[in-house]
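When reading the values below, keep in mind they use all heavy atoms of this one structure, side chains included, and skip hydrogens, waters and symmetry mates. Every number for a ligand or one of its atoms is a count from 1 in the order of the listing.
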Amino acid sequence: MPIPKAELHLHVEGTLEPELAFRLAERNGVELPFDGVEELRAAYRFDDLQSFLDLYYRLMDVLRTERDFTELAEAYLERAAGQGVRHAEIFFDPQAHTARGVDIGTVINGLGAALDRSEAAYGITTRLILCFLRDESAESALATLAAAEPYLDRITAVGLDSAEVGHPPVKFVEVYRRARELGLRAVAHAGEEGPASYVWEALDLLEVERIDHGLRCLEDEELVARLVRERIPLTVCPFSNVRLRCVDTLADHPLRRMLDAGLVATVNSDDPAYFGGYVDQNLTATAAALGLTEDQQYTLARNSFEASFLDEPTRARYLAELAAHREASESDSASVSVPVSVPA
Ligand code: ADE
Ligand code: ZN
């Protein structure tokens with residue numbers, strides 16, 4: 001059984017597998033510029049964040065109805081259950097849909113229908129995080145938040161994603177202030193391709209509680225010291241970092257250095273349909289590439305629950321489940337018989 005964990009950095013639109021994309025394209029009469037699943041999958045080779053985003057936004061065109069969004073989220077939850085996910089905090093990008101004429105209510109109600117069934121169907125509790133596209137204007141973000149107000153009971157937090165460089169957090173101070181007034185919590189992508197200064201801004205100006213990615217914090221000792229001291233979680237996405245060429249190979253990934261520095265790192269899948277694996281695959285492949293100990297792998301899982309927006313009783317229940325998983329795995333390995341050499 002995979003280690004129980006929370007997934008805190010997952011774009012639901014990034015879970016759109018080629019097979020589902022083609023099925024929805026056919027159902028909705030949308031023309032895709034690829035001649036089948038294999039050709040589409042072969043296009044999943046990226047030079048940087050922007051080259052990925054171009055395909056990610058293009059493929060979203062197949063998502064049109066509430067049912068489409070429900071099926072997308074259900075497909076993710078079903079896969080996540082098989083990866084040991086017990087709690088998922090799911091990003092969505094409303095502006096990528098409203099710009100195509102899809103109403104924000106269609107998106108939120110469609111996702112909401114899947115999330116409402118998630119605990120009973122898959123044993124996964126969920127939260128929804130509304131992300132603003134940072135390469136759109138601050139006015140567009142404010143209008144998006146206003147349009148989401150009738151659905152706030154479904155939304156836990158706001159986030160900030162899309163093309164990072166040239167779009168610093170300072171651009172979104174007003175919309176984050178308004179989100180706080182509405183009782184929403186806050187996270188932001190920072191330090192993925194952008195500089196460490198964007199991480200400082202996200203903390204100081206947007207008052208976020210977690211940093212998504214945060215890779216480039218390692219370039220700034222004072223920033224690392226602050227993240228450690230204040231126990232600000234980083235939602236790290238190893239496969240994404242390699243596929244988008246933020247890091248050369250998995251063996252070069254700084255996750256182990258992050259843990260050694262005392263950072264509250266978690267492992268997540270970001271856009272698993274595009275980056276070659278879901279969250280447990282990220283965890284096990286990265287652990288193997290970096291030689292992470294069992295202890296470090298359990299620390300990552302514990303961090304994921306501690307960094308989540310769960311209520312305290314549910315968090316305590318998951319942490320107890322994690323401790324029981326560890327005990328069971330230790331007694332399993334203790335009972336494996338070690339061959340004893342018999343003197344001749
Ligand atoms: N949107 C989806 N995935 C993203 C990523 N890794 N960075 C920024 N925006 C995104
Ligand atoms: Zn992301």
Among protein heavy atoms, which lies nearest [atom], and at what distance?
{"atom": "atom 3 (N) of ligand 1", "value": "D271 OD2, 2.7 Å"}
{"atom": "atom 6 (N) of ligand 1", "value": "D270 OD2, 2.6 Å"}
{"atom": "atom 9 (N) of ligand 1", "value": "S162 N, 2.8 Å"}
{"atom": "atom 1 (N) of ligand 1", "value": "H11 CE1, 3.5 Å"}

* Asked: Hey, is there an N, O or S on C237 sitting under 2.8 Å from the Zn ion (ligand 2)?
  ->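 False for C237.
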
* Asked: Is ligand 1 under 4.0 Å from a heavy atom in the side chain of F91, in the backbone, in both, or in neither?
  -> neither

* Asked: Quick one: does ligand 1 sit under 4.0 Å from the side chain of E192, the backbone, both or neither, non-hydrogen atoms only?
  -> side chain

* To do: Give the atoms of ligand 1, by number and element, whose distance to some non-hydrogen atom of F52 is under 4.0 Å.
  => 2 (C), 3 (N)

* Those atoms of ligand 1 less than 4.0 Å from some heavy atom in H213 ->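 So the atoms of ligand 1 that pass are 6 (N).
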
* Asked: Does the N or O separation between H9 and ligand 1 drop below 3.5 Å for any pair?
  ->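 N/O-N/O distance under 3.5 Å: no.
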
* To do: Nearest 10° is fine: what angle sits at the Zn ion (ligand 2) between NE2 from H189 and NE2 from H11?
  => 100°

* Asked: What's the shortest heavy-atom distance between S118 and L77, and which atoms?
  -> OG-CD2, 3.6 Å

* Just say parallel, tilted or perpendicular for the rings of Y76 and Y278, cut-offs at 30° and 60°. =>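 Ring orientation of Y76 relative to Y278: parallel.
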
* Looking at D270, pick out the N, O or S atom nearest to the Zn ion (ligand 2) and give its name. =>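 For D270, the N, O or S atom at the smallest distance from the Zn ion (ligand 2) is OD1.
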
* Taking just the N, O or S atoms of H9, which one is nearest to the Zn ion (ligand 2)? -> NE2

* **4.0 Å heavy-atom contact, G14 with ligand 1** =>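 No, G14 has no heavy atom closer than 4.0 Å to ligand 1.
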
* To do: Answer yes or no for E164: is there a heavy-atom contact with ligand 1 below 4.0 Å?
  => no

* Could you state whether V158 and F91 fall into the same hydrophobic cluster, counting links through intermediate Ile, Leu, Val, Met, Phe, Trp or Tyr residues with side-chain heavy atoms under 4.5 angstrom apart? => no

* Asked: Should the pair R210 and F309 be classed as cation-pi, given the thresholds of under 6.0 Å to the six-membered ring centre and 45° from the axis?
  -> yes

* **Ion pair check, R41 and E38, cut-off under 4.0 Å** =>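 Salt bridge: no.
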
* Charged N to carboxylate O below 4.0 Å: is that the case for R64 and D61? -> yes

Ignoring hydrogens and geometry beyond distance, is a side-chain donor-acceptor pair present between [X] and [Y] at under 3.5 Å?
{"X": "T266", "Y": "N303", "result": "no"}
{"X": "D135", "Y": "S162", "result": "yes"}
{"X": "D54", "Y": "S51", "result": "no"}

* Short side-chain to backbone donor-acceptor contact, Q297 and A287, under 3.5 Å ->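 Answer holds: no.
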
